[in-house]
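All values reported here derive from a predicted model rather than from experimental measurement.
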Amino acid sequence: MKEQFVAYILNLQDQITSKLEQLDGKATFQEDNWKRPEGGGGRTRVIENGNIFEKGGVNTSQVHGILPEAMQKHFGVKDANFFACGLSLVLHPSSPMVPTVHANWRYFEMYDSEGNIVDQWFGGGQDLTPYYLFDEDATHFHQTCKTACDAHNADFYPKYKARCDEYFYNAHRNEGRGIGGLFFDYCKATEGRSMQDWYNFVTTVGDSFLEAYVPIVERRKDTAFAKEQKDWQEIRRGRYVEFNLVHDKGTLFGLKTNGRIESILMSLPPVVQWKYDHHPAPGSEEERLIKVLQQPKEWVS
């Protein structure tokens with residue numbers, strides 16, 4: 001399974017970076033291949049200062065070794081060996097009319113002292129963080145997620161959409177990080193669903209990413225905006241940073257397993273503002289976004 005999924009994410013990384021370079025028309029991805037001293041490594045690709053993308057990364061990693069003590073406590077195991085691989089991406093466009101997007105698809109194994117697999121699971125998802133809310137864009141993104149889910153189980157979309165709204169939530173701000181999408185974790189084999197079934201589901205979601213995001217970028221990339229709208233984007237980017245540094249489990253896992261710091265913090269936007277006690281004007285588009293972030297919507301039926 002791990003060889004199958006590693007091959008998949010490396011191929012998907014190529015597909016996504018190729019399409020994004022074509023879309024941007026100016027910037028290309030810088031590639032870093034890195035090694036982890038304790039075992040494994042990864043392929044980091046970063047794009048900066050393009051026509052569309054101010055900063056973004058599409059990274060793959062495969063790491064293995066002894067599970068660090070902090071993670072042993074988290075999983076309730078002792079002296080466990082592990083293998084983890086995944087693709088993680090974040091794209092921060094220059095225009096405040098184009099939403100930030102995040103996606104991640106990952107696979108994890110744990111082994112006993114003889115090297116036998118004692119646990120394995122998939123996780124992942126994709127979510128959208130707009131700065132100005134265009135309902136048709138939100139509906140398109142969620143409909144693409146739902147279509148991918150429905151190909152496997154009609155219960156998946158409502159279940160994983162709700163988990164996404166719950167997970168990507170800045171509790172200290174009482175608002176969502178964005179308008180959600182999908183979030184799933186600990187997808188393990190059961191009597192009715194094999195690991196191959198989970199692989200098929202996760203790769204269907206991964207394959208849907210470009211379809212979910214690219215049409216939105218194409219629709220909004222040439223929309224005019226004012227400096228005040230760029231300021232708003234940078235204020236909202238501050239909330240994105242807060243979530244990633246305070247709440248995000250992937251960031252925590254990377255830091256506690258001696259992951260590559262540049263790859264882990266690649267998700268942070270390049271220019272951010274924090275304004276003291278900032279509130280958008282009543283009745284504004286900015287306020288409309290905040291209201292949706294405070295009370296998640298159902299975008300598709």
Side-chain angles (χ1 to χ4, degrees), residues 9 12-13 15-17 19-20 23 29 42 44-48 52-61 86-96 98-106 122-131 133 137-138 140-142 144-145 148 160-161 163-170 173 175-185 202 205-217 220 233-234 236-255 259 262-270 272 289 292-293 296 299:
I9 59 174
L12 184 62
Q13 184 186 34
Q15 289 181 37
I16 291 174
T17 55
K19 180 62 181 178
L20 294 176
L23 189 61
F29 281 89
T44 292
R45 290 180 180 170
V46 172
I47 191 169
E48 293 181 295
I52 295 172
F53 300 111
E54 192 170 341
K55 182 186 174 189
V58 182
N59 301 341
T60 53
S61 63
L87 186 159
S88 184
L89 69 84
V90 179
L91 299 166
H92 291 290
S94 298
S95 169
V98 182
T100 284
V101 72
H102 160 258
N104 174 270
W105 306 282
R106 56 190 178 274
F122 284 102
Q126 51 201 36
D127 60 280
L128 199 67
T129 303
Y131 305 98
L133 188 57
D137 295 351
H140 168 81
F141 189 85
H142 277 271
T144 306
C145 291
Y160 298 142
K161 191 267 186 191
R163 285 189 183 171
C164 191
D165 290 336
E166 180 184 333
Y167 179 75
F168 291 105
Y169 188 76
N170 268 328
R173 296 283 190 182
E175 62 184 33
R177 186 179 78 174
I179 59 160
L182 301 173
F183 179 78
F184 44 87
D185 208 356
V202 173
V205 175
D207 291 343
S208 78
F209 169 76
L210 289 172
E211 181 188 348
Y213 186 57
V214 169
I216 297 173
V217 178
R220 307 299 166 197
Q233 178 199 45
E234 292 173 358
R236 293 306 308 170
R237 282 176 171 179
R239 304 290 200 264
Y240 202 93
V241 171
E242 289 174 22
F243 177 85
N244 282 24
L245 296 183
V246 175
H247 302 296
D248 189 65
K249 293 178 184 175
T251 302
L252 183 68
F253 179 80
L255 294 174
E262 288 298 321
S263 300
I264 296 165
L265 298 184
M266 167 279 302
S267 65
L268 302 183
V272 183
L289 173 69
V292 170
L293 298 181
W299 294 101

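- Salt-bridge check for Asp185 with Lys249: failed, with every basic side-chain N at 4.0 Å or more from each acidic carboxylate O.
- Not a single donor-acceptor pair under 3.5 Å links the side chain of Tyr131 to the backbone N or O of Ser95.
- Side-chain contact check for Phe209 versus Trp105: some heavy-atom pair is nearer than 4.5 Å.
- A salt bridge between Arg177 and Asp127 is present, with a side-chain N of the basic residue lying under 4.0 Å from a carboxylate O of the acidic one.
- Between Glu262 and Thr44, the closest side-chain pair of non-hydrogen atoms is not below 4.5 Å.
- Here the shortest heavy-atom pairing between Ser88 and His102 reads OG-NE2, 4.4 Å.
- Looking only at side-chain heavy atoms (C-beta outward), Met266 and Val46 come within less than 4.5 Å of each other.
- Within the model, atoms CD of Gln126 and SG of Cys145 stand 4.5 Å from one another, a figure rounded to the nearest 0.5 Å.
- Distance CG/Asn59 to OG/Ser263: 5.0 Å, rounded to 0.5 Å.
- Remark: Asp165 engages Lys161 in a salt bridge (charged side-chain N to carboxylate O under 4.0 Å, His left out) (not counting sequence neighbours).
- Val90 approaches His92 most closely through the heavy-atom pair CG1-NE2, 3.4 Å.
- Note that the OG1 atom of Thr60 and the CZ atom of Arg45 stand 7.0 Å from one another [nearest 0.5 Å].
- Side chains of Glu48 and Pro270 form no contact here, defined as non-hydrogen atoms less than 4.5 Å apart.
- Within a 6.0 Å radius of CD in Glu166, no more than 12 heavy atoms belonging to other residues, nucleotides or ligands are found.
- Remark: the backbone N or O of Glu242 is not paired with any side-chain donor or acceptor of His247 at under 3.5 angstrom.
- Put simply, the side chain of His142 gets close to the backbone of Ile179: a donor and an acceptor are under 3.5 Å apart.
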Apply side-chain contact (heavy atoms from CB on, under 4.5 Å) to the pair Asp207 and Leu12, showing each step before the final yes or no.
CA-CA 8 Å; Asp207 291 343; Leu12 184 62; 4.3 Å; yes

As a quick check of understanding, evaluate side-chain contact (heavy atoms from CB on, under 4.5 Å) for Leu91 and Thr100, giving each step before the final call.
CA-CA 6 Å; Leu91 299 166; Thr100 284; over 6 Å; no

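- To the nearest 0.5 Å, atoms CD1 (Ile216) and CG (Asp137) are separated by 4.5 Å.
- Taking the six-membered ring where the residue is Trp, Tyr160 and Phe184 present tilted rings, their angle falling between 30° and 60°.
- Residue Thr129 holds its OG1 atom at 5.0 Å from OH of Tyr240, rounded to the nearest 0.5 Å.
- Taking all atoms of both residues into account, the shortest heavy-atom contact from Leu87 to Gln13 is CD1-N, 3.6 Å.
- A pairwise comparison of heavy atoms in Leu255 and Ile264 identifies N-CD1, 3.8 Å as the closest pair.
- Here Tyr167 and Phe243 bring their ring centres to under 6.0 angstrom of each other.
- The pair Glu54-Arg237 counts as a salt bridge, with a side-chain nitrogen and a carboxylate oxygen less than 4.0 angstrom apart.
- Taking the side chain as every heavy atom from C-beta outward, Leu23 and Tyr213 never approach each other to under 4.5 Å.
- For the atom pair Leu245 CG and Leu265 CG, the distance stands at 7.0 Å (nearest 0.5 Å).
- Asp248 places a side-chain N or O within 3.5 Å of a backbone atom of Thr251 that can act as its donor or acceptor partner.
- Between Phe183 and Phe168, the angle of the ring planes goes over 60°, which puts this pair in the perpendicular group of the 30/60° scheme.
- A 4.5 Å side-chain heavy-atom check between Val98 and Phe53 finds every atom pair outside the cut-off.
- In terms of the salt bridge (charged side-chain N to carboxylate O under 4.0 Å, His left out) criterion, residue partners of Glu175 (sequence neighbours excluded) are, by chain and number, Arg236, Arg239.
- Under the 4.5 Å side-chain criterion, counting only non-hydrogen atoms from C-beta, Cys164 is not in contact with Leu182.
- With hydrogens and angles left out, the side-chain atoms of Ser267 and Asn244 include a donor and acceptor closer than 3.5 Å.
- Between Pro99 and Pro130, the shortest heavy-atom distance links the atoms CB-CA, 3.6 Å.
- A distance-only check finds a donor-acceptor pair linking the side chain of Lys55 to the backbone of Leu268 [under 3.5 Å].
- In this structure, Gln233 contributes its side chain and Pro93 its backbone to a donor-acceptor pair below 3.5 Å.
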